[in-house]
Amino acid sequence: MQLHRRRDELRALNAEVVLISFSNPEQARRWQAETGVDFQFLLDPERTAYRAYGLRSSVWRVWQPKVWWRYARLVLSGWRWRGIRGDPHQLGGDVIVDAEGRLRFEYLSEDPTDRPSVAALLARLRQIATAKAAKG
């Protein structure tokens, strides 16, 4: 959702965010309605993209105390818990693929709370845009 709040910066960098989930269409629609995130949403129930990018599944990494503590702090700060949906053991990640289909950034989450900062993603997008502009 932090990325969604910065969508104007993303557009200025010619970046398009695509969310990929293994959820079913109803769960995806519900999540988008609850969050207000309007990025393109692709469903991958067979997890083909997950495997292609090396995204792991791990019981230990999901249920470790560090993760529970992070969620407890979020709830105490006013974040709304939406419950567990789908496979709680599937870990996510963030990737940037350029217009030519080349992988330009890859971040494989170590646990459900582990994501790159929005600042890091925007910085990488700026580097890609600058390099593209320098090429001509």
Side-chain angles (χ1 to χ4, degrees):
M1 291 215 284
Q2 293 173 6
L3 205 54
H4 188 258
R5 286 191 283 270
R6 311 237 347 231
R7 64 186 174 275
D8 291 339
E9 290 174 74
L10 292 163
R11 285 185 191 119
L13 292 165
N14 268 342
E16 180 180 350
V17 175
V18 178
L19 305 173
I20 300 175
S21 174
F22 57 83
S23 68
N24 64 51
E26 178 55 34
Q27 287 173 325
R29 278 191 292 278
R30 190 176 330 126
W31 182 86
Q32 283 191 296
E34 289 173 359
T35 63
V37 173
D38 61 0
F39 292 135
Q40 184 178 358
F41 209 124
L42 301 177
L43 298 181
D44 181 18
E46 302 300 321
R47 300 182 205 194
T48 304
Y50 286 77
R51 283 190 304 280
Y53 289 112
L55 299 171
R56 301 169 293 226
S57 181
S58 172
V59 173
W60 166 246
R61 290 178 188 272
V62 171
W63 300 108
Q64 62 182 304
K66 169 184 139 181
V67 174
W68 283 104
W69 177 242
R70 170 75 172 137
Y71 284 126
R73 286 191 326 227
L74 285 169
V75 169
L76 290 172
S77 71
W79 179 72
R80 188 172 147 246
W81 172 256
R82 290 183 177 83
I84 296 172
R85 299 177 183 164
D87 179 358
H89 305 125
Q90 178 64 60
L91 298 173
D94 293 79
V95 298
I96 296 175
V97 179
D98 69 15
E100 288 79 40
R102 291 180 305 211
L103 183 63
R104 303 298 296 266
F105 177 89
E106 182 177 45
Y107 189 96
L108 306 179
S109 298
E110 290 294 320
D111 63 60
T113 66
D114 177 38
R115 301 309 283 256
S117 69
V118 173
L121 293 170
L122 289 169
R124 185 64 181 125
L125 287 167
R126 283 186 199 97
Q127 288 174 343
I128 294 167
T130 301
K132 184 177 180 180
K135 278 184 172 179

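Values reported hereafter were calculated over all heavy atoms of this structure, with side chains retained and with hydrogens, waters and symmetry mates removed.
When all heavy atoms of S58 and L91 are compared, the closest pair comes out as CB-CD1, 4.2 Å. The two residues R6 and V118 make their nearest non-hydrogen contact at NH1-CG1, 3.7 Å. Minimum heavy-atom separation, L43 to A28: CD2-CB, 3.8 Å. Residue P116 comes nearest to D94 through the heavy atom pair CD-OD1, 3.2 Å, listed as atom of the first residue, atom of the second, then distance.
Counting heavy atoms of neighbouring residues, nucleotides and ligands inside a 6.0 Å radius, atom CD of Q40 exceeds 12 of them.
Contacts classified as side-chain hydrogen bond (donor to acceptor under 3.5 Å, both in side chains) and involving residues 48-57 (residues at least two apart or in different chains) are given here: R56-E110.
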Anything under 3.5 Å between a donor and an acceptor, one on a side chain of residues 12-22, the other on a protein residue two or more places apart or in another chain? List them.
residue: S21; atom: OG; partner: S23; partner atom: N; Å: 3.0
residue: S21; atom: OG; partner: S23; partner atom: OG; Å: 3.0

Give every donor-acceptor pair under 3.5 Å between a side-chain atom in residues 129-136 and any protein atom, sequence neighbours left out.
residue: T130; atom: OG1; partner: R126; partner atom: O; Å: 2.8

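Evaluation of the ring-ring contact (aromatic ring centres under 6.0 Å, His included) rule for F105 yields no partner, not counting sequence neighbours. Among residues two or more places apart in sequence or in another chain, the salt bridge (charged side-chain N to carboxylate O under 4.0 Å, His left out) test is passed with E26 by R29. Residues that satisfy the salt bridge (charged side-chain N to carboxylate O under 4.0 Å, His left out) test with D38, not counting sequence neighbours, are absent from this structure. Looking at residues two or more places apart in sequence or on another chain, you find a side-chain hydrogen bond (donor to acceptor under 3.5 Å, both in side chains) between H89 and W63. Partners of Y107 according to the side-chain hydrogen bond (donor to acceptor under 3.5 Å, both in side chains) rule, which considers only residues two or more places apart in sequence or in another chain, are D114. Under the rule for a salt bridge (charged side-chain N to carboxylate O under 4.0 Å, His left out), the partners of R102 that lie at least two apart in sequence or sit in another chain are D98, E100. Applying the side-chain hydrogen bond (donor to acceptor under 3.5 Å, both in side chains) criterion to R7, with sequence neighbours excluded, gives H4. Remark: R124 pairs with no residue by the salt bridge (charged side-chain N to carboxylate O under 4.0 Å, His left out) rule, at least two apart or across chains.
If you take CD1 on I96 and CG on L121, they are separated by 5.5 Å, rounding to the nearest 0.5 Å. With rounding to the nearest 0.5 angstrom, the CG atom of L122 is 5.0 Å from the CD atom of E9.
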